[in-house]
Amino acid sequence: MIIANWKMNLTLDQAIKNCKILSKSKESTNLLISPSTAYIAYLKKNYSKLNFCAQDVSLKADFGAYTGENSAKLFKELGLSHSIVGHSERRNNFNETNDQVKIKAINCIENNIVPIICVGETLQQRKNNSYKDFLAKQLSAFSGLNYLKTIIAYEPLWSIGKNITASAAEIAEIAALFKNLDSKSQLLYGGSVNSKNCREILAIEGISGLLVGSASLDAEELLKILTFY
Ligand code: PGA
């Protein structure tokens with residue numbers, strides 16, 4: 001699966017333009033579009049052939065007086081099948097912890113939404129060689145969850161939005177590490193993926209899809225990536 005994480009980008013007109021292009025392509029069956037929450041209901045209603053994904057869910061499980069929040073239950077109402085949780089931008093900007101991300105993942109699972117749990121090390125952890133221990137610890141925080149109902153996205157922080165992609169060897173090493181740790185969840189890679197590097201990444205054993213940020217904002221570029229899937 002290819003996930004297009006549009007983050008808090010694109011005007012509604014730009015998002016509509018992208019959806020128009022994407023909905024005409026048969027490649028879009030493997031695509032999950034993750035637009036701003038503000039646009040999901042509108043886009044889903046008007047582009048019913050496309051599949052949509054939330055970017056985050058609330059820590060709060062139920063309906064209630066939680067101004068500004070969007071629960072997994074609400075996304076279930078919209079008919080969404082997946083949600084990203086624990087993206088590094090949420091961990092960094094909003095201090096989300098593994099414990100909180102786990103609660104969010106559980107909220108998703110209880111509403112039949114597959115959580116795409118993001119993990120990844122910093123540049124410093126990579127440089128001082130503590131990244132494997134860090135990733136093992138991060139992954140262990142989610143070990144109690146049903147792997148059939150979760151997806152893990154490996155997104156090294158030093159790569160996201162930086163135009164630096166982890167090498168095939170680096171990604172393969174992490175895929176093998178996760179397998180050794182007995183993670184049976186599907187594993188995606190994210191971090192500066194584009195139409196030029198996606199083919200090599202998709203060929204790596206253990207990688208079953210991609211989480212694409214910047215390159216996914218351009219529908220034509222996204223379609224090129226989809227043709228390699
Ligand atoms: P990027 O973002 O492709 O722009 O690096 C990926 C992500 O944040 O999921």
Side-chain angles (χ1 to χ4, degrees), residues 1-10 14-15 18 22 30-37 39-40 51-57 80-96 98 101 104-105 108 113-126 131 134-135 138-139 142 150-168 170-171 174-175 178 185-204 207-229:
M1 118 195 348
I2 307 288
I3 300 168
N5 181 7
W6 288 351
K7 309 187 182 183
M8 202 171 76
N9 292 305
L10 303 179
Q14 289 168 331
N18 276 353
L22 294 165
N30 297 318
L31 175 67
L32 268 177
I33 303 170
S34 200
S36 157
T37 305
Y39 300 163
I40 295 179
N51 300 305
F52 293 93
C53 168
Q55 295 181 6
D56 182 38
V57 303
L80 297 196
S81 56
H82 292 72
S83 177
I84 299 168
V85 292
H87 190 283
S88 64
E89 285 152 14
R90 297 220 47 94
R91 292 176 188 264
N92 289 342
N93 295 322
F94 305 102
N95 301 318
E96 280 189 13
N98 278 332
V101 177
K104 291 181 173 202
C108 286
I113 291 173
V114 177
I116 298 153
I117 303 169
C118 300
V119 298
E121 80 283 2
T122 62
L123 183 60
Q124 203 191 349
Q125 286 160 338
R126 172 67 53 176
Y131 64 100
F134 174 79
L135 287 169
Q138 230 183 9
L139 199 64
F142 308 105
T150 55
I151 294 174
I152 304 289
Y154 169 55
E155 297 208 299
L157 273 60
W158 45 272
S159 167
I160 297 176
K162 305 249 179 352
N163 237 347
I164 308 166
T165 318
S167 70
E170 285 166 336
I171 301 170
I174 302 305
F178 284 10
S185 301
Q186 275 187 63
L187 183 64
L188 311 181
Y189 170 79
S192 298
V193 174
N194 56 43
S195 62
K196 293 193 178 70
N197 58 31
C198 64
R199 189 181 199 159
E200 192 184 13
I201 300 170
L202 283 168
I204 298 168
I207 295 296
S208 48
L210 303 168
L211 185 43
V212 190
S214 334
S216 74
L217 297 173
D218 174 348
E220 300 296 347
E221 170 73 357
L222 184 55
L223 282 177
K224 276 191 211 157
I225 295 173
L226 283 162
T227 57
F228 289 113
Y229 186 72

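Start at 1 and go down the list; that is how both ligands and their atoms are numbered. A quick note: this is a predicted structure, and the numbers were derived from the prediction, not measured.
Of all heavy-atom pairs between V212 and I225, the closest is CG1-CD1, 4.0 Å. Residue L222 comes nearest to S216 through the heavy atom pair CD2-O, 3.8 Å, listed as atom of the first residue, atom of the second, then distance.
Between G161 and ligand 1, an N or O atom pair is found at a separation short of 3.5 Å. For the pair G190 and ligand 1, the shortest N or O to N or O distance does not fall below 3.5 Å.
Within the 4.0 Å heavy-atom criterion, neither part of K162 lies near ligand 1. For N5, every heavy-atom contact with ligand 1 shorter than 4.0 Å involves the side chain, none the backbone.
Side-chain contact, W158 with E121: a donor N or O sits under 3.5 Å from an acceptor N or O.
The 12-atom threshold is not exceeded at CG of N163, counting heavy atoms of other residues, nucleotides or ligands nearer than 6.0 Å. Summarising the local packing, CD of Q14 is surrounded by more than 12 heavy atoms from other residues, nucleotides or ligands at distances under 6.0 Å.
Selection from H87, E155, K7, Q55 by nearest heavy atom to atom 2 (O) of ligand 1 gives K7.
The ligand atoms of ligand 1 that sit less than 4.0 angstrom from a heavy atom of S192 are 1 (P), 3 (O), 5 (O). Near L211, with a cut-off below 4.0 Å to any heavy atom, the atoms of ligand 1 are 9 (O).
Under the 4.0 angstrom criterion for non-hydrogen atoms, G191 is in contact with ligand 1.
In terms of protein heavy-atom proximity, atom 3 (O) of ligand 1 is nearest to G213 N, 2.8 Å. For atom 4 (O) of ligand 1, the nearest protein heavy atom (residue, atom name, distance) is S214 OG, 2.4 Å.
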Evaluation steps, side chain to side chain contact (heavy atoms under 4.5 Å, CB included), between T150 and F142: CA-CA 9 Å; T150 55; F142 308 105; over 6 Å; no
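With I117 as the fixed residue, the side-chain contact (heavy atoms from CB on, under 4.5 Å) test singles out one of N98, V85, I84: V85.
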